[in-house]
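Notes for the one structure printed next.
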Amino acid sequence: MQLKQISPYCYEIPQSGSMNVPGRVFMSERMASALSEEEALKQVANVATLPGILTAAMAMPDMHWGYGFPIGGVAAFDWDTGVISPGGVGYDINCGVRLAGTGLEKKEILPAVERLVTALFQNIPSGVGSTGSVKLSVKEEMRVLREGGRWAVRQGLGEPSDVERTEDGGCMAEADPSVISERALMRGTRQLGTLGSGNHFLEVGVVDEIFDERAARAFGLFPDQVTVLLHSGSRGLGYQVCDDSLAFMARHVRTLDIQLPDRQLACAMIRSEAGRRYFAAMACAANYAWANRQILLHRARETFQQVLGIGPRDLAMHQVYDICHNIAKREEHTVDGKKRIVCVHRKGATRAFPPGHPAVCEAYRQTGQPILIPGDMGTASYVMAGTRTAMAQSFGSTCHGAGRVLSRKAAKKRSRGRAIHRELADKGILVKWTGRSTLAEEMPEAYKDIDQVVDAVHGAGLSKKVARLRPVCVIKG
DNA sequence: ATGTCC
């Protein structure tokens, strides 16, 4: 695949064949010269052939191969003439990240870190198929699917400001539980408030460096501050919604006059009944994920108070933000100087709305939307802020994380004979985990260099660096 | 990501 550099941090796949627009990859020159993502680039070009796509099929520096659409991909479609595709959202619908700051400094928790990580691991169910945090009747689950994070706060599992400081207020209004399969509902009844497995985690960290004082202050972050960062999604329910939708879309797309370069790009016109149906189901899973992360934060608050023997006022665990990085959204964007309603697919990509945007909560109107970028468990994670450049260049989007360089299998092979948890402990990071091969699959070497990814989107202007967090202890599934 | 194959 021939890439043409069009600006210091942007490379284009020229429009050719049945592509309706070019492809665009945001990355540094260093990353471009070392790029070995031929399959992901092909997927970018494939997405560019879909009806109604606007400006370009895009990819972020953390891109890698995914189901149909690349992970790290952004694709916006005209609401009237474009399509929506489950492959453009991903299996873990509203997989996302939540960050909370505390009133504590690192030295205040150091004597208790071992007890803290043990208690977090006990109090938060983790691993494939984990259950047992909250049990729902199907009737109550319907409320979760309609209300999202707000449901959890109404149950006493959080604070109103948590919901205010969540993307979309932790709820997509388009959710319609009547379109969800019986099987998806059943899977959802016992998994709310559980972590999951793979790259999902809950991490206690500290603010290690501040790059933007003003934004950090607005986000409630200060040097050496203890933070809680968690990464989880819509669990088995979201998986089932995606699976059901893919099966349905594969049949549906054959009734349309669309030639797909890859069957995994199965889609529907956004305005069609099939499109509306997927959007309504996806929104249910998104709301489930927000309720899930809300409960995980609540469990973290409970655990800190229990272990440290302090009350909520001394803990002062306040939510900074909660973002999703696997979602499709109805948004207004300016395309070629004209305002358009578009459906933005962000799959392994994060919203990055600028200062002054009406969708950004009041507290962050001056700074832009907070963006949470988890790195690997041995390195660092970043807090960034949205920009006007992102609005102009990438439909208000940026990267989502480090991105894999080793497959799970390759990572397991590389870790043979090693004790990853000891290597992490030597770096001062305590980790507790559930799955037999989770630590091997998730070891730091399995991921790209988070600093390079973040520097690339910062350099491209798609978001700006606010703070870096270093892990102290981690629980994983 | 995922009751890692109903």
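A note on names: the letters A, B, ... follow the listed sequences, proteins ahead of strands, and every chain is numbered from 1.
Look at CG on A/Asp243: it is 12 Å from C1' on B/dT4, rounded to the nearest Å. Atom CD in A/Gln191 sits roughly 8 Å away from atom P in B/dT2 (whole-Å rounding). One atom, CD of A/Glu441, and another, P of B/dT2, lie 12 Å apart when rounded to the nearest Å. Atom OH in A/Tyr288 sits roughly 11 Å away from atom P in B/dT2 (whole-Å rounding). The distance from atom CZ of A/Arg408 to atom C1' of B/dT2 is 9 Å, rounded to the nearest whole Å. Between the CG atom of A/Asn326 and the P atom of B/dT2 there is a distance of 11 Å, rounded to whole Å. In this entry the distance linking CG of A/Leu246 with P of B/dC5 reads 15 Å, nearest Å. What separates OH of A/Tyr67 from P of B/dT2 is a distance of 18 Å, to the nearest Å.
Residue A/Gly236 is in sugar-phosphate contact alone, with no base atom involved, counting any heavy-atom pair closer than 4.0 Å across all strands shown.
The two residues A/Phe248 and A/Ala274 make their nearest non-hydrogen contact at CE2-CB, 3.6 Å.
Between the side chain of A/Arg183 and the base of B/dT2 there is no donor-acceptor pair of N/O atoms closer than 3.5 Å.
Counted within 6.0 Å of CD on A/Glu39, heavy atoms from surrounding residues, nucleotides or ligands total 12 or fewer; the atom is thus considered open.
Side-chain atoms of A/Arg150 and A/Gln294 form no donor-acceptor pair, as typed in the model, at a separation below 3.5 Å.
Within the structure, a side-chain polar atom (N or O) of A/Ser197 is placed less than 4.0 Å from OP1 or OP2 of B/dT2.
The one candidate from A/Ile295, A/Leu296, A/Leu297 that meets the side chain to side chain contact (heavy atoms under 4.5 Å, CB included) condition with A/Arg299 is A/Ile295.
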